[in-house]
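Quick caveat, the model's predicted, so the values are computed rather than measured. Computation of the quantities below employed the complete heavy-atom set of this structure, encompassing side-chain atoms and omitting hydrogens, waters and symmetry-equivalent molecules.
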Amino acid sequence: MRTPLFALLCGALASLLFAGTATAGTSVPSAPPKGKAVLVANPIYKTGALQLQPCQEQPVQRDDLDGSRVYLMFVLDCLNASWEPQFAKAKIPFVKPKFSVVSAPGKPTPCGKFPEGAQAFYCPEKKAIVFLLDKNILSVPDDLFLMNVMSHEYGHHVQNITGMFRALTKATAKSVRTKRYLAESRRVELQAECFGGVFIGSIWHSLGRRDFDFKYIVKVAQSGYDYVSHGKAANIAHWLKKGFDSESPGSCNTWAAPANRVS
């Protein structure tokens, strides 16, 4: 049996919340919000739906690590093409994330050894997504799982370069397992899940997939166990579907959501 979807979405939470400073791009930035406003009133929320971008998936065979890596690189290209215009509208400098894969936990990455229990993680300091392509995920590479995990980790990249992580650093620097830390962690993770749904919804018309493929991902999330740092299964499914239906980052403001939706 495959590991439940949301249980594999966890990254390195400590490095996620103690984020570094985003690299400046070439666009002229607007005056960024400060303090909590970076979280609850970020300019990225006001950019509307992602533009309709065609994204044709690359064929990938079972147990084909190189083919799965190439598939993920094409998904990453689609993510960059979809999100870059949103940053231009928000007048926030855009930076593409780096990307690499490993074949087993413990392997070296640009951000240290790959952590146990994760399928992928985002490293804020390096602006890098690192993906684990192990036997489990390579055994069924043609469902929507690869795209969903990549889109989730890219959601963390969006949070990083919009300045959200910097707003979390001071609030969480003194303790890694406090009640406040876990509450903020859930808002971070659920928002990344919503951002991932926004992307998938925006390109859905070009994928040629059955509706069942997305419904299956939502169903897997709903059937999992609660995750104290990532949110309840029902809430993970809620935010994923909310992003998919809206196709807009404005629907992903978990920082303004009631506590029962981010528990």
Side-chain angles (χ1 to χ4, degrees), residues 2-3 5-25 53 55-84 87 93-162 164-165 188-189 191-193 195-196 199-200 203 217 229-230:
R2 300 186 66 187
T3 307
L5 166 70
F6 69 93
L8 295 175
L9 294 179
C10 60
L13 287 177
S15 63
L16 184 155
L17 291 176
F18 300 113
T21 302
T23 302
Q53 297 283 351
C55 184
Q56 294 185 334
E57 295 178 274
Q58 297 300 301
V60 58
Q61 302 299 316
R62 183 173 180 174
D63 301 322
D64 183 358
L65 189 151
D66 285 339
S68 295
R69 178 181 56 80
V70 171
Y71 171 89
L72 288 171
M73 290 175 65
F74 271 89
V75 172
L76 182 57
D77 287 343
C78 290
L79 281 157
N80 286 327
S82 294
W83 279 102
E84 186 170 7
F87 280 80
F94 177 76
V95 181
K96 295 179 180 180
K98 302 178 180 67
F99 172 65
S100 61
V101 303
V102 297
S103 59
K107 294 283 187 179
T109 78
C111 306
K113 292 183 178 180
F114 193 92
E116 293 283 348
Q119 192 70 57
F121 75 94
Y122 176 73
C123 176
E125 294 83 0
K126 301 291 185 179
K127 300 181 182 64
I129 296 170
V130 185
F131 212 107
L132 171 63
L133 291 176
D134 57 1
K135 292 181 180 180
N136 181 56
I137 198 167
L138 291 176
S139 66
V140 193
D142 57 346
D143 63 18
L144 203 60
F145 188 63
L146 284 171
M147 179 180 288
N148 182 251
V149 176
M150 174 63 91
S151 302
H152 173 101
E153 299 306 330
Y154 199 97
H156 289 317
H157 182 63
V158 172
Q159 291 168 324
N160 189 19
I161 62 177
T162 54
M164 295 185 191
F165 283 178
V188 167
E189 294 297 335
Q191 183 175 64
E193 192 69 4
F195 283 157
F199 166 72
I200 296 172
I203 63 165
I217 293 295
S229 61
H230 283 56

> What residues, two or more places apart in sequence or in another chain, satisfy side-chain contact (heavy atoms from CB on, under 4.5 Å) together with Lys107?
Val102, Ser103, Ala104
> Checking Pro59 now: which residues fulfil side-chain contact (heavy atoms from CB on, under 4.5 Å) with it, not counting sequence neighbours?
none
> Flag the pair Leu146 / Leu133 as yes when at least one side-chain heavy-atom distance between them is below 4.5 Å, and no otherwise.
yes
> Rounded to the nearest 0.5 Å, how far does CG of Asp143 lie from CG of Asn148?
9.5 Å
> Using only atom types and a distance under 3.5 Å, with no angle test, would you say the side chain of Arg62 pairs donor to acceptor with the backbone of Ser139?
yes
> Return the minimal non-hydrogen interatomic distance between Leu132 and Gln119, and the atom names on each side.
O-NE2, 2.5 Å
> May I ask you to decide if Val188's main-chain N or O and Gln159's side chain share a donor-acceptor pair within less than 3.5 Å?
yes
> What do the steps show when you test Lys98 against Val130 for side chain to side chain contact (heavy atoms under 4.5 Å, CB included), and what is the final call?
CA-CA 8 Å; Lys98 302 178 180 67; Val130 185; over 6 Å; no
> Which pairs count as ring-ring contact (aromatic ring centres under 6.0 Å, His included) when at least one residue sits in residues 100-119, sequence neighbours excluded?
Phe114-Phe121
> List the atom of Ala120, the atom of Glu153, and the distance in Å for their closest heavy-atom pair.
O-OE2, 3.3 Å
> Are the side chains of Lys127 and Asn160 in contact, using a 4.5 Å heavy-atom criterion?
yes
> Would Met150 and Ile129 count as a side chain to side chain contact (heavy atoms under 4.5 Å, CB included) if you check the C-alpha gap in whole Å, the side-chain angles of each, and the deciding distance to 0.1 Å?
CA-CA 8 Å; Met150 174 63 91; Ile129 296 170; 4.0 Å; yes
> Which of parallel (below 30°), tilted (30 to 60°) and perpendicular (above 60°) describes Tyr122 and His157?
perpendicular
> Could you list the residues that satisfy ring-ring contact (aromatic ring centres under 6.0 Å, His included) with Phe195, not counting sequence neighbours?
Trp83
> Which side-chain N or O atoms in residues 67-81 pair as donor and acceptor under 3.5 Å with protein atoms at least two apart or in another chain?
from: Ser68; atom 1: OG; to: Asp64; atom 2: O; distance (Å): 3.0
from: Tyr71; atom 1: OH; to: Glu57; atom 2: OE2; distance (Å): 2.5
from: Asn80; atom 1: OD1; to: Tyr154; atom 2: OH; distance (Å): 2.7
from: Asn80; atom 1: ND2; to: Leu76; atom 2: O; distance (Å): 3.3

> So, His156 and Glu189: side-chain donor and acceptor under 3.5 Å apart, yes or no?
yes
> For Gln53, what residues pass the side-chain hydrogen bond (donor to acceptor under 3.5 Å, both in side chains) criterion, not counting sequence neighbours?
none
> For Gln58, does the CD atom have more than 12 heavy-atom neighbours from other residues, nucleotides or ligands under 6.0 Å away?
yes
> Please find the pair of heavy atoms, one from Leu138 and one from Pro141, that lie closest to each other, and give the distance.
O-CD, 3.3 Å
> Taking side chain as C-beta onward, heavy atoms only, is Cys123 less than 4.5 Å from Pro110?
no
> Any side-chain heavy atom of Gln191 sitting closer than 4.5 Å to one from Met164?
yes
> Hey, could you give me the CZ/OG distance between Phe199 and Ser151, rounded to the nearest 0.5 Å?
5.0 Å
